[in-house]
Peer 1: 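The structure is given below, and queries will be raised subsequently.
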Amino acid sequence: MDPKISTVEETLTIWMADAFRNAFRKKELSDIHAPVSAATDEKFGDFQCNAAMGLARVLKRNPREIADQAIQAAGPHPWVERCEVAGAGFINIFLRTEWLADRLQEIEADTKLGTPAAGKGRTVVLDYSSPNVAKPMHIGHIRSTVIGNALDRLHRFLGYRVIADNHLGDWGTQFGLLIMGYRHFVDRAALGAHPIQELERIYVKSYEKSREDPAWLDDARRELVKLQQGDPDHLALWQLFVDLSLKEFEEIYRRLDVSFDLVRGESYYRDRLAGVLDLLRQKGLAVESEGAQVVHLEEEGLPLCIVQKSDGGYNYATSDLATVQSRIEEFDPSAIVYVTDERQQLHFNQFFAIARKAGLDANLVHVWFGLMRLPEGTFSTREGNVIKLDRMLDEAEARALALVKDASPDMPEAQQKDVARAVGIGAVKYADLSQNPQSLITFTWDKALSMDGNSAPYLQYAYARISSVQDKYRERFPEGDLAKWPIVLNEAVERRLALRLVRFPSVVLRATELYRPNLLADYLYDLAQTYSSFYQNVPFLKAEEGLRESRVRLCGLVARTLRQGLNLLGIETPERI
RNA sequence: GCUCCCGUAGCUCAGCUGGAUAGAGCAUCGGAUUUCUAAUCCGACGGUCGCAGGUUCGAAUCCUGCCGGGGGCGCCA
């Protein structure tokens with residue numbers, strides 16, 4: 001669709017804002033906001049505008065009169081059948097049904113279902129997933145990966161240039177211990193079979209030894225220094241750890257259908273660290289304290305931040321500053337977005353503040369999400385109650401396979417497995433994406449793998465049924481020509497469906513702007529519910545010619561919207577379930 | 001001690017830049033399948049939106065305090 005074309009909400013908002021401006025020009029209310037949004041209830045029309053009530057306070061006048069005056073000033077609009085003032089001063093907007101049907105036909109002709117290219121010409125760097133080398137990915141990693149990937153897809157869909165960067169934890173102090181562990185404890189057979197598991201084992205063993213044996217800890221520090229000084233043997237070992245870990249991560253990303261433009265660990269920026277510290281010192285931000293270099297952030301109401309340890313090593317904040325510097329130089333992004341759990345809020349507040357003070361001019365955004373917990377409390381590596389990500393995905397696929405075999409016993413086995421994979425993985429992703437990211441998640445198998453109600457399988461099932469409708473139509477009416485018949489909206493549920501379909505672009509925009517994929521998930525669930533009601537209660541293949549074609553076209557649009565929406569969430573849509 | 005987040009139906013959660021009678025799913029109960037995929041649909045039951053103040057025509061939403069839960073706070077990332 002023409003990028004100039006905006007969403008229904010935007011068009012109506014401009015119309016209403018103009019109306020208010022014209023009606024109250026003399027009051028110099030040029031900056032008036034008159035947002036139009038979807039009506040909260042069907043009986044209040046299709047869209048509503050609540051600006052009159054806010055204005056009433058400023059003008060000290062009756063809100064209903066203000067609303068009336070605005071409607072008078074607005075005059076007729078080609079899309080709008082009528083406006084009504086209701087309640088305390090709500091303006092309820094009723095759209096012409098014929099216009100809705102026309103709009104559906106425009107959307108149908110557009111590859112992006114009417115979504116404007118809002119991000120055209122802008123670049124956004126998305127920093128997500130970012131697991132640590134030599135540690136397995138567990139259920140705590142899935143939110144960053146799945147939410148980050150959904151934001152990735154949403155931005156791309158809106159025309160942004162997206163740089164998805166997997167900022168691996170590959171340059172920490174753990175490598176000294178890891179090298180010591182490798183030299184003394186490694187089991188090569190185990191390393192070949194389950195690399196990360198073995199790396200984790202030798203790390204834990206080395207860590208435990210360091211706690212009781214100071215000499216061991218000293219050796220580990222020495223190994224770390226050698227690595228940081230670029231000793232070839234140490235670098236080779238480090239590279240081995242990274243490669244082995246990455247290989248396993250990639251297997252999980254493949255299963256999750258997640259891909260990155262860049263996989264640059266912290267190590268990528270290590271040559272910049274000294275320069276960043278120089279910059280901070282030049283600007284008078286970094287000062288010496290107890291042998292370390294620290295930045296005071298009292299003005300910002302934040303605790304001080306250590307940017308260089310007393311032993312000369314650099315900290316996370318410094319590394320992140322170097323990363324920002326590099327990203328600005330290379331990509332000139334309009335935003336750099338980090339997707340991590342809530343525990344890093346303070347860190348990001350500190351490092352954003354330092355970046356600002358140091359003149360690293362970038363729109364830095366921290367999208368944080370609540371920590372995943374188990375019903376019995378937080379999970380931790382120490383207590384051994386972590387749930388590994390691959391195991392969870394296996395379980396999801398197994399449960400889905402049982403359902404598919406039950407529902408479609410005649411389906412070829414390979415297809416059953418393929419469908420089960422899509423459904424199982426979809427269920428896991430949706431369980432995360434359908435909630436407000438900023439809430440604690442209590443992990444339960446049944447919830448994460450829920451297959452009915454508000455779940456990915458419900459949406460996938462709705463989609464599969466529509467696909468079946470399309471096929472049956474072509475089968476039974478081989479010479480039917482859908483394009484020959486216009487879309488008509490006779491039944492109330494058809495109109496409801498239309499109203500939801502035209503809102504898709506604004507939902508996508510809002511979900512992207514607020515970094516809240518769950519807004520899109522909510523919308524899709526609502527759309528699928530409305531469709532299921534339509535499917536159950538309105539005949540279409542059995543309807544008379546014309547009506548039949550109109551309804552099949554409507555089905556087609558719902559299918560495309562569901563498919564597109566689920567695709568933006570990274571969830572597949574099998575044609576059959 | 002300082003600080004951030006959360007508290008909505010029995011359970012899991014939406015709704016939060018103030019708007020109309022607070023919504024879903026699960027669970028429970030009742031109904032729908034000779035007919036387009038029943039992983040479905042239709043209906044019922046279920047709430048002092050943690051508590052108390054405040055701002056406002058209007059508060060789950062904003063402010064203050066308290067209670068309860070979780071996270072973070074100088075040499076980890």
Side-chain angles (χ1 to χ4, degrees), chain A residues 33 35 39-41 43-44 48 50 53-54 56-57 62-63 86-90 92 130 132 169 171-174 266 289-294 301-317 319-320 340-347 349-350 368 370-371 373 375 377-378 400 403-404 406-408 423 431 434-436 438-442 444 446-447 450-455 457-462 464-473 476 514 518-519 521-522 525-526 528-529 532-543 548 551-552 555 576-577:
Chain A
H33 294 291
T40 52
D41 192 296
K43 63 176 176 277
F44 300 139
Q48 63 180 42
N50 304 340
M53 290 172 288
R57 185 176 313 165
N62 182 321
F90 300 92
N92 294 338
S130 310
N132 288 321
W171 201 245
T173 45
Q174 75 268 32
E266 292 161 46
S289 168
E290 295 174 33
Q293 296 292 325
V294 305
L302 295 168
L304 65 73
C305 180
I306 296 178
V307 291
Q308 188 184 33
K309 297 186 278 184
S310 50
D311 69 1
Y314 297 97
N315 298 61
Y316 188 25
S319 175
D320 272 342
T340 82
D341 71 60
E342 61 179 326
R343 285 176 303 183
Q344 303 202 32
Q345 277 188 92
L346 175 60
H347 161 70
N349 282 334
Q350 288 178 317
W368 58 266
L371 211 53
R373 299 187 308 165
T378 50
L403 283 172
V404 173
D406 198 44
S408 307
V423 169
S434 61
Q435 311 197 26
N436 186 333
Q438 301 184 345
S439 58
L440 271 69
I441 280 204
T442 303
T444 62
D446 284 339
K447 180 156 186 262
S450 164
M451 308 262 171
D452 46 29
N454 188 357
S455 69
Y458 177 91
L459 300 172
Q460 290 167 320
Y461 178 65
R465 287 200 294 187
I466 305 177
S467 295
S468 178
V469 167
Q470 308 279 344
D471 290 353
K472 288 237 160 67
Y473 175 78
R476 292 186 198 175
L514 298 178
N518 74 302
L519 298 175
D522 282 352
Y525 181 60
D526 182 44
Q529 270 185 314
S532 291
S533 180
F534 168 68
Y535 177 91
Q536 202 81 20
N537 298 306
V538 179
F540 28 93
L541 291 181
K542 294 186 196 89
R548 178 171 67 221
R551 286 174 182 165
V552 171
C555 285
R576 293 285 176 277
I577 284 185

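So you know, we letter chains A, B, ... as the sequences are listed, proteins then strands, and number each from 1.
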Peer 1: Ion pair present between A:D471 and A:R576, side-chain N to carboxylate O less than 4.0 angstrom?
Peer 2: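 Yes.
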Peer 1: Is any side-chain N or O of A:Y316 closer than 4.0 Å to OP1 or OP2 of B:rA77?
Peer 2: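 Negative; the distance criterion is not met.
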Peer 1: On the nucleotide B:rA24, are OP1 or OP2 found under 4.0 Å from the side-chain N or O atoms that A:Y458 carries?
Peer 2: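 Checking A:Y458 against B:rA24: no side-chain N or O falls below 4.0 Å of OP1 or OP2.
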Peer 1: Within this structure, what is the CG-to-C1' distance between A:L459 and B:rA24, rounded to whole angstrom?
Peer 2: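 That distance rounds to 13 Å.
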Peer 1: With rounding to whole Å, what would you report as the distance between B:rG71 and B:rG10 at their P atoms?
Peer 2: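 B:rG71 and B:rG10 have their P atoms separated by 26 Å.
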Peer 1: Could you tell me how far apart A:Q350 (CD) and B:rC2 (P) are, to the nearest whole angstrom?
Peer 2: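 Spelled out: CD on A:Q350 to P on B:rC2 is 18 Å.
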Peer 1: Using atom P in both nucleotides, what's the gap between B:rA9 and B:rG23 to the nearest angstrom?
Peer 2: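 Roughly 14 Å separates the two P atoms.
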Peer 1: Which value, rounded to the nearest 0.5 Å, describes the distance between A:C555 atom SG and A:Q470 atom CD?
Peer 2: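 A:C555 atom SG to A:Q470 atom CD measures 6.5 Å (nearest 0.5 Å).
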Peer 1: For B:rU37 and A:S468 - does any side-chain N or O of the residue sit under 4.0 Å from the phosphate oxygens OP1/OP2?
Peer 2: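 Checking A:S468 against B:rU37: at least one side-chain N or O falls below 4.0 Å of OP1 or OP2.
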Peer 1: Taking atom P in both B:rU61 and B:rU21, compute the distance separating them and give it to the nearest angstrom.
Peer 2: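 Comparing P positions in B:rU61 and B:rU21 gives a spacing of 16 Å.
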Peer 1: Tell me what A:V307 touches on the nucleic acid: a base, only sugar-phosphate, or nothing, going by heavy atoms under 4.0 Å.
Peer 2: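 Result for A:V307 = nothing.
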Peer 1: Touch check for A:N315, heavy atoms < 4.0 angstrom, all strands: base, sugar-phosphate only, or nothing?
Peer 2: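 Sugar-phosphate, no base atom in range.
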Peer 1: What is the base-pairing partner of B:rC2, counting Watson-Crick and G-U wobble geometry with both distances under 3.5 Å?
Peer 2: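 Pairing partner: B:rG72.
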Peer 1: Return whichever of A:D341 or A:Y314 has its heavy-atom-nearest nucleotide of RNA chain B closer to the 5' end.
Peer 2: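 Mapping each residue to its closest nucleotide by heavy atoms, the 5'-most match is A:D341.
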Peer 1: Could you tell me whether A:E290 contacts a base, only the sugar-phosphate backbone, or nothing, with contacts defined as non-hydrogen atoms closer than 4.0 Å?
Peer 2: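 Touches a base.
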Peer 1: Under 4.0 Å between any heavy atoms, over every strand shown, what does A:V552 touch: base, sugar-phosphate, or nothing? Just pick one.
Peer 2: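 Contact class for A:V552: none.
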Peer 1: Please report whether the ring centroid of A:Y473 lies less than 6.0 Å from that of A:F540.
Peer 2: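 Not close enough - the centres of the two rings lie 6.0 Å or further apart.
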Peer 1: Select one nucleotide: of B:rC73, B:rC36, B:rA38, the one nearest the side-chain heavy atoms of A:K542.
Peer 2: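 Minimum distance to the A:K542 side chain belongs to B:rC36.
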Peer 1: How long is the gap from CD on A:Q460 to CE on A:M451, to the nearest 0.5 Å?
Peer 2: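 If we round to the nearest 0.5 Å, A:Q460:CD and A:M451:CE are 9.0 Å apart.
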Peer 1: Once you round to the nearest 0.5 Å, how far does CG of A:D522 lie from CD of A:Q435?
Peer 2: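 That separation rounds to 10.5 Å.
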Peer 1: Just checking A:L302: base, sugar-phosphate only, or nothing, at a heavy-atom cut-off of under 4.0 Å?
Peer 2: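 A:L302: no heavy atom of the nucleic acid under 4.0 Å.
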Peer 1: Kindly give the atom pairs (protein nitrogen or oxygen, nucleotide nitrogen or oxygen) under 3.5 Å for nucleotides 14-20 of chain B.
Peer 2:
unit_1: B:rA14; atom_1: OP1; unit_2: A:N436; atom_2: N; d: 2.9
unit_1: B:rA14; atom_1: OP1; unit_2: A:N436; atom_2: O; d: 3.3
unit_1: B:rA14; atom_1: OP1; unit_2: A:S439; atom_2: OG; d: 2.8
unit_1: B:rA14; atom_1: O2'; unit_2: A:D522; atom_2: OD2; d: 2.7
unit_1: B:rG15; atom_1: OP1; unit_2: A:R516; atom_2: NH2; d: 2.1
unit_1: B:rG15; atom_1: OP1; unit_2: A:N518; atom_2: ND2; d: 3.4
unit_1: B:rG15; atom_1: OP2; unit_2: A:N436; atom_2: ND2; d: 3.4
unit_1: B:rU17; atom_1: O4; unit_2: A:R510; atom_2: NH1; d: 3.4
unit_1: B:rA20; atom_1: N6; unit_2: A:Q48; atom_2: OE1; d: 2.8
unit_1: B:rA20; atom_1: N6; unit_2: A:N92; atom_2: OD1; d: 2.5
unit_1: B:rA20; atom_1: N1; unit_2: A:N92; atom_2: OD1; d: 3.4
unit_1: B:rA20; atom_1: N1; unit_2: A:N92; atom_2: ND2; d: 3.2

Peer 1: Can you tell me the base-pairing partner of B:rC66? Count Watson-Crick or G-U wobble geometry only, both distances below 3.5 Å, and say none if there is no partner.
Peer 2: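 The answer is B:rG50, by the H-bond criterion.
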Peer 1: Identify, between A:G169 and A:A407, the residue whose nearest nucleotide on RNA chain B lies closer to the 5' end.
Peer 2: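 Nearest nucleotide further toward 5': that of A:A407.
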Peer 1: What is the distance, rounded to the nearest whole Å, between atom CD1 of A:I466 and atom C1' of B:rU40?
Peer 2: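 Going from CD1 in A:I466 over to C1' in B:rU40 covers 13 Å.
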Peer 1: Which of these nucleotides, B:rC41, B:rA39, B:rU35, is closest to any side-chain atom of A:M451?
Peer 2: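 Looking only at heavy atoms from C-beta outward on A:M451, the closest nucleotide is B:rA39.
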Peer 1: In Watson-Crick or G-U wobble terms, both distances under 3.5 Å, what is the partner of B:rA9?
Peer 2: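 Its partner is none (no Watson-Crick or G-U wobble pair with both distances under 3.5 Å).
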Peer 1: For B:rA38, does OP1 or OP2 lie under 4.0 Å from any side-chain N or O of A:R465?
Peer 2: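 Yes.
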Peer 1: Checking side chain to side chain donor-acceptor pair (under 3.5 Å) against A:H347, which of A:N315, A:T340, A:D320 comes through?
Peer 2: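 One option only clears the test, and that one is A:D320.
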Peer 1: A:L346 near the nucleic acid: base, sugar-phosphate alone, or nothing, with a heavy-atom cut-off under 4.0 Å?
Peer 2: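 Sugar-phosphate: the residue A:L346, judged by heavy atoms under 4.0 Å, touches backbone atoms but no base.
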Peer 1: So, for A:Y525 and A:Y458, is the gap between ring centers shorter than 6.0 Å?
Peer 2: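 So the answer is yes for these two rings.
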Peer 1: Write down the distance separating the C1' atoms in B:rA27 and B:rC11, rounded off to the nearest Å.
Peer 2: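 Those two atoms are separated by 8 Å.
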Peer 1: Are any side-chain N or O atoms of A:R551 and backbone N or O atoms of A:P539, one a donor and one an acceptor, separated by less than 3.5 Å?
Peer 2: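 Yes; judged by distance alone, with no hydrogens or angles, the pair exists.
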Peer 1: Which heavy atom of A:S408 sits nearest a heavy atom of A:I577, and at what distance?
Peer 2: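 Nearest pair, atom of A:S408 first, then A:I577: OG-O, 2.9 Å.
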Peer 1: With the side chain of A:S532 defined as its heavy atoms from C-beta on, choose the nearest nucleotide among B:rC75, B:rC36, B:rU40.
Peer 2: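 Ranking B:rC75, B:rC36, B:rU40 by closest atom to the A:S532 side chain puts B:rU40 first.
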Peer 1: For B:rU37, does either OP1 or OP2 sit under 4.0 Å from a side-chain N or O belonging to A:Y535?
Peer 2: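 Indeed, a polar side-chain atom of A:Y535 lies that close.
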Peer 1: Applying a 3.5 Å limit to both distances, which nucleotide forms a Watson-Crick or G-U wobble pair with B:rG43?
Peer 2: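 The base-pairing partner of B:rG43, which may sit in any strand shown, is B:rC29.
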Peer 1: Heavy atoms only, 4.0 Å cut-off, all strands: where does A:N537 land among base, sugar-phosphate and nothing?
Peer 2: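 Sugar-phosphate only.
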Peer 1: Considering only side-chain heavy atoms of A:L304, which listed nucleotide, B:rG74, B:rC26, B:rC36, is closest?
Peer 2: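 Of the candidates, B:rG74 comes closest.
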Peer 1: Using a heavy-atom cut-off of 4.0 Å across all strands, would you classify A:S310 as base, sugar-phosphate, or nothing?
Peer 2: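 Base contact.
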Peer 1: Between B:rC66 and B:rU3, how far apart are the P atoms? Round to whole Å, please.
Peer 2: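 Going atom to atom, P in each nucleotide, I get 11 Å.
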Peer 1: Out of B:rA24, B:rC76, B:rC36, which has the shortest distance to the side chain of A:K309?
Peer 2: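 Per side-chain heavy atoms of A:K309, the pick is B:rC76.
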Peer 1: Would you call A:Q48 and A:N92 a side-chain contact if the rule is heavy atoms closer than 4.5 Å?
Peer 2: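 They are in side-chain contact.
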Peer 1: Counting distance only, does the side-chain N/O of A:S533 pair as donor-acceptor with the main-chain N or O of A:Q529 below 3.5 Å?
Peer 2: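 No; zero donor-acceptor contacts below 3.5 Å.
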Peer 1: Under 3.5 Å for both donor-acceptor distances, Watson-Crick or wobble: does B:rU34 have a partner, and if so which one?
Peer 2: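 When the pairing criteria are applied, nothing turns out to pair with B:rU34, so the answer is none.
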Peer 1: Expressed in whole Å, how much space separates the P atoms belonging to B:rU64 and B:rU55?
Peer 2: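 One P to the other, the span is 15 Å.
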Peer 1: Provide the distance between the two P atoms, one in B:rC67 and one in B:rA52, to the nearest whole Å.
Peer 2: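 About 15 Å, rounded to a whole number of Å.
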Peer 1: Please check the phosphate of B:rC42 (OP1 and OP2 only) for any side-chain N or O of A:S533 closer than 4.0 Å.
Peer 2: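 Yes, because at least one side-chain N or O of A:S533 sits under 4.0 Å from OP1 or OP2 of B:rC42.
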Peer 1: If pairing requires Watson-Crick or G-U wobble contacts with both distances under 3.5 Å, which nucleotide is the partner of B:rC57?
Peer 2: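 B:rC57 is paired with B:rG19.
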Peer 1: With rounding to whole Å, what would you report as the distance between B:rG15 and B:rA32 at their C1' atoms?
Peer 2: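 It comes out at 31 Å once rounded to the nearest Å.
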Peer 1: Considering only B:rU35, B:rA38, B:rA24, which nucleotide approaches the side chain of A:Q529 most closely?
Peer 2: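 It is B:rA24.
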